[in-house]
Amino acid sequence: MGRKAKGNIALLLTAIIWGTGFIGQKVGLNSLPPIGFNGTRQFMAGILLIPLAVFLLRKAKYFNREVNTAEVVAERKTRSIKGGIVCGIIMAFATNLQQIGLVTVSAGKSGFITAIYIVMVPIIAIFFGRKITVKVVYCCAIAMAGFALLSLKGGLGGTTVGDWLTLASAFGFSLQMILIEYYVDDNNDILISSIQMCVAGATSLIVSLIFETMTISGIIACMPVLLYMAFIPTAGGYTLQIVGQKYTDSTTAAFLLSLESVFAAIFGALLLGESMTPRELCGCALIFFANLLIQRGDKPVDKLGKTE
């Protein structure tokens with residue numbers, strides 16, 4: 001199996017896992033405020049990943065000065081720590097803005113606005129020197145149409161503060177995907193993931209202590225959900241994302257990860273009894289088609305939109 005295929009499978013599994021997280025988030029928020037819930041599960045996930053990161057780094061002799069020069073070790077440490085901190089801060093920014101936006105924005109509307117990261121990733125990547133392809137442009141349009149059918153209910157209507165907060169979260173998710181691709185190498189993926197989680201969790205918990213009210217009883221009541229969310233969607237999902245992005249580009253990753261909304265809808269129907277209309281099923285079909293289509297090559301488009 002090729003490297004790209006491995007990466008794509010990891011990212012598809014990520015989307016499925018994140019889809020199950022939809023159920024956990026819905027249940028968990030009954031006991032904890034949104035930012036506090038995010039921070040607790042993220043920090044727990046970061047702690048869980050530390051032993052695995054240490055084991056893999058020692059196995060690969062990543063920081064071993066007997067097989068690497070002092071300059072290489074220093075550069076690797078700086079790159080990994082910087083990548084984890086930057087991605088962690090952006091993760092906290094994106095996940096919490098999305099949660100706060102949901103206070104005034106419906107779930108369907110939020111899903112559509114967040115889905116704009118599919119388009120944002122290749123656009124932002126242009127400023128990092130990346131060229132996009134004609135097919136990416138077509139796939140973006142197809143995927144956005146699919147998300148509109150799946151998530152948009154009743155039209156955009158009037159723009160609220162929640163709309164802009166959710167749009168800002170989509171920008172954050174896009175930037176995080178691109179920066180992960182930049183900082184991750186073949187051996188530091190789990191390390192960056194653990195640092196990212198700890199930073200995002202600590203940032204969110206500090207904000208929650210200032211602006212929200214968390215109780216010990218709420219944490220205890222939510223513990224089963226927190227453990228699931230920490231182990232599976234957070235530690236497992238975000239780590240698979242980083243591993244997958246080692247082997248594929250950020251644009252393809254954005255399309256595959258966007259399937260989270262599809263799987264969330266499917267698991268919502270199976271586990272919560274939520275129904276899917278024929279229009280929503282058509283949206284799922286369009287998104288799957290866009291993800292399949294983007295795997296095929298095409299001619300690159302430069303910043304002015306001209307094919308080479």
Side-chain angles (χ1 to χ4, degrees), residues 1-14 17 41-95 121-122 124-131 172-204 230-254 256-257:
M1 184 182 294
R3 288 170 61 90
K4 185 175 182 180
K6 291 179 181 178
N8 291 346
I9 290 173
L11 292 169
L12 181 60
L13 288 174
T14 302
I17 289 171
R41 70 179 174 105
Q42 288 166 347
F43 194 76
M44 288 172 64
I47 298 300
L48 288 170
L49 286 173
I50 289 175
L52 178 60
V54 172
F55 170 77
L56 292 176
L57 290 172
R58 286 180 176 175
K59 183 179 180 180
K61 298 182 179 180
Y62 192 65
F63 295 132
N64 192 319
R65 295 199 177 189
E66 295 180 0
V67 295
N68 301 289
T69 64
E71 291 77 11
V72 169
V73 171
E75 190 276 334
R76 288 177 174 177
K77 287 182 177 179
T78 300
R79 185 180 185 84
S80 298
I81 294 172
K82 183 179 178 181
I85 292 174
V86 171
C87 291
I89 292 173
I90 293 173
M91 177 190 286
F93 167 85
T95 55
V121 165
I124 295 173
I126 292 175
F127 296 96
F128 287 80
R130 177 71 56 78
K131 293 183 178 181
F173 288 127
S174 305
L175 189 57
Q176 186 241 15
M177 290 180 192
I178 293 170
L179 289 173
I180 282 176
E181 184 178 357
Y182 175 77
Y183 283 111
V184 170
D185 60 33
D186 288 339
N187 296 292
N188 70 350
D189 46 359
I190 308 300
L191 174 62
I192 287 182
S193 182
S194 62
I195 296 173
Q196 173 185 245
M197 292 299 170
C198 288
V199 170
T203 302
S204 297
F231 272 102
I232 310 301
T234 309
Y238 279 101
T239 301
L240 274 175
Q241 177 203 358
I242 290 178
V243 172
Q245 283 195 241
K246 287 196 302 183
Y247 304 121
T248 191
D249 61 273
S250 56
T251 300
T252 302
L256 290 170
L257 294 174

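All values below were derived from every heavy atom in this structure, side-chain atoms included, with hydrogens, water molecules and symmetry-related copies excluded.
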Between the CG atom in Leu49 and the OG atom in Ser193, the distance rounded to the nearest 0.5 Å is 5.0 Å
Of all heavy-atom pairs linking Ala45 and Ala230, the shortest is CB-O, 3.4 Å
Any non-hydrogen side-chain atom of Lys77 less than 4.5 Å from a side-chain atom of Phe63? yes
- [ ] Compare all side-chain heavy atoms of Ile180 with those of Ile192 and state whether any distance is below 4.5 angstrom.
- [x] no
Quick one: does any side-chain atom of Ser194 pair with a main-chain N or O of Leu191 as donor and acceptor, under 3.5 Å?
yes
Any donor-acceptor pair under 3.5 Å from Asn68 side chain to Ala74 backbone:
no
Rounded to the nearest 0.5 angstrom, the CE-OG1 distance for Met197 and Thr239 is 5.5 Å
Output for pair (Lys4 NZ, Tyr247 OH), nearest 0.5 Å, gives 15.0 Å
Closest non-hydrogen atoms of Ala92 and Thr95, given as atom of the first, atom of the second and distance, are O-OG1, 3.5 Å
To the nearest 0.5 Å, atom CG of Leu175 lies from atom CZ of Phe173 at 12.0 Å
dist Ile178:CD1 -> Ile90:CD1 (nearest 0.5 Å) comes out at 9.5 Å
Here the gap from Lys82 atom NZ to Ile85 atom CD1, rounded to the nearest 0.5 Å, amounts to 10.0 Å
For residues 172-183, the side-chain hydrogen bond (donor to acceptor under 3.5 Å, both in side chains) pairs (sequence neighbours left out) are Arg130-Glu181, Gln176-Gln196, Gln176-Gln241, Glu181-Ser250
All heavy atoms of Leu179 vs all of Cys87, minimum pair found to be CB-SG, 4.0 Å
Is the backbone of Val184 close enough, under 3.5 Å, to the side chain of Asn188 for a donor and an acceptor to pair up by distance? no
Query raised in the report: Does the side chain of Val73 reach to within under 4.5 Å of the side chain of Thr69, using non-hydrogen atoms?
Result: no
*asked:* Is it true that Asp185 and Tyr62 share a donor-acceptor pair across their side chains at a distance under 3.5 Å?
replied: yes
Beyond-backbone contact of Leu257 with Thr14, side-chain heavy atoms, under 4.5 angstrom: yes
Original post:
Is any side-chain heavy atom of Thr203 closer than 4.5 Å to a side-chain heavy atom of Gln42?
Top reply: no
| field | side-chain contact (heavy atoms from CB on, under 4.5 Å) between Leu56 and Asn187, intermediate numbers included | value | CA-CA 8 Å; Leu56 292 176; Asn187 296 292; over 6 Å; no
Smallest heavy-atom separation, Ala253 atom then Thr248 atom, equals CB-CG2, 4.4 Å
